[in-house]
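What follows is a single structure, written as structure tokens, with notes after it.
Just so you know, these numbers come straight off a predicted model, no measurement behind them.
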Amino acid sequence: MATSRFSCRESRSLVTGSSEVSSHPVLSVFELEKLLYSGRAKWHHADEVWPGLYLGDQEIAANKSELSQMHITHILNASHSRWRTGEEYYKEMNISYLGIEAQDSPTFDMSIHFCPAADFIHAALKMKRGRILVHCAVGVSRSATLVLAYLMIHHSMTLVEAITTVKDHRGIIPNRGFLHQLVTLDNALRRRR
């Protein structure tokens with residue numbers, strides 16, 4: 001994968017601005033899986049994993065009443081399809097929507113969505129009272145992968161730091177292919193720092 005694939009317009013200065021080299025080692029996919037499976041997993045229909053950033057499932061995304069109570073202003077759907085909720089579904093709620101048709105498959109290239117998703121999340125959270133739900137079918141692989149990429153790109157976290165941050169609030173299990181792609185992102189961002 002080319003390093004330039006991960007150059008997001010808004011995040012470039014955040015990623016390259018740090019001159020410190022992270023003390024966290026790059027872990028293998030096997031070691032990352034051990035980290036992901038450690039501790040007590042929590043799963044609700046939606047969990048706040050970062051201020052204003054919720055990671056959830058399809059059930060919460062379809063519940064307009066819950067979304068209103070949560071004051072959600074943006075939705076990033078990592079399992080978008082024309083058969084499920086989409087932009088039209090949220091129109092009267094004034095929710096900004098981004099749909100990504102991603103397959104939860106180790107061979108699916110999720111990395112092409114890292115920057116657009118990270119920028120969408122970042123824009124949502126920069127808004128006054130912005131709150132975003134990032135979801136897929138279950139909220140543990142596709143959506144979790146995009147949230148991890150967001151934390152790495154816009155908050156200069158290493159992959160281990162991002163995983164630890166998210167899994168403190170929600171059990172996540174990105175598939176092996178996504179973990180390989182996140183390791184590639186981690187390495188690219190480390191080189192730029």
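- Thr184 and Asp186 are not linked by any side-chain donor-acceptor pair at a separation below 3.5 angstrom, with hydrogens and angles left out of the test.
- Annotation for Pro116 and Leu98: closest pair O-CD2, 4.2 Å, computed over non-hydrogen atoms.
- Closest heavy-atom contact between Ala46 and Met70: CB-CE, 3.9 Å.
- Each of His45, His135, His44 was checked for a side chain to side chain donor-acceptor pair (under 3.5 Å) with Asp57, and the lone residue meeting it is His45.
- Between the CG atom in Leu151 and the CG atom in Leu53 there is a gap of 7.0 Å [rounded to 0.5 Å].
- Inter-residue side-chain proximity for Leu146 and Ile100 is flagged as met; some heavy-atom pair is nearer than 4.5 Å.
- At least one donor-acceptor pair closer than 3.5 Å links the side chain of Ser141 to the backbone N or O of Asn175.
- Applying the salt bridge (charged side-chain N to carboxylate O under 4.0 Å, His left out) criterion to Asp47, with sequence neighbours excluded, gives Arg170.
- The aromatic rings of Phe108 and His113 lie parallel to each other, with less than 30° between the two planes, well short of the 60° mark.
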Under the salt bridge (charged side-chain N to carboxylate O under 4.0 Å, His left out) rule, what do Lys91 and Glu88 come out as? Steps first, then yes or no, please. CA-CA 5 Å; Lys91 200 162 198 125; Glu88 285 296 315; 3.5 Å; yes

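- Qualifying salt bridge (charged side-chain N to carboxylate O under 4.0 Å, His left out) partners for Glu59, counting only residues two or more places apart in sequence or in other chains: none.
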Step by step, work out the side-chain hydrogen bond (donor to acceptor under 3.5 Å, both in side chains) result for His154 and Asp119. CA-CA 8 Å; His154 283 281; Asp119 289 346; 2.9 Å; yes

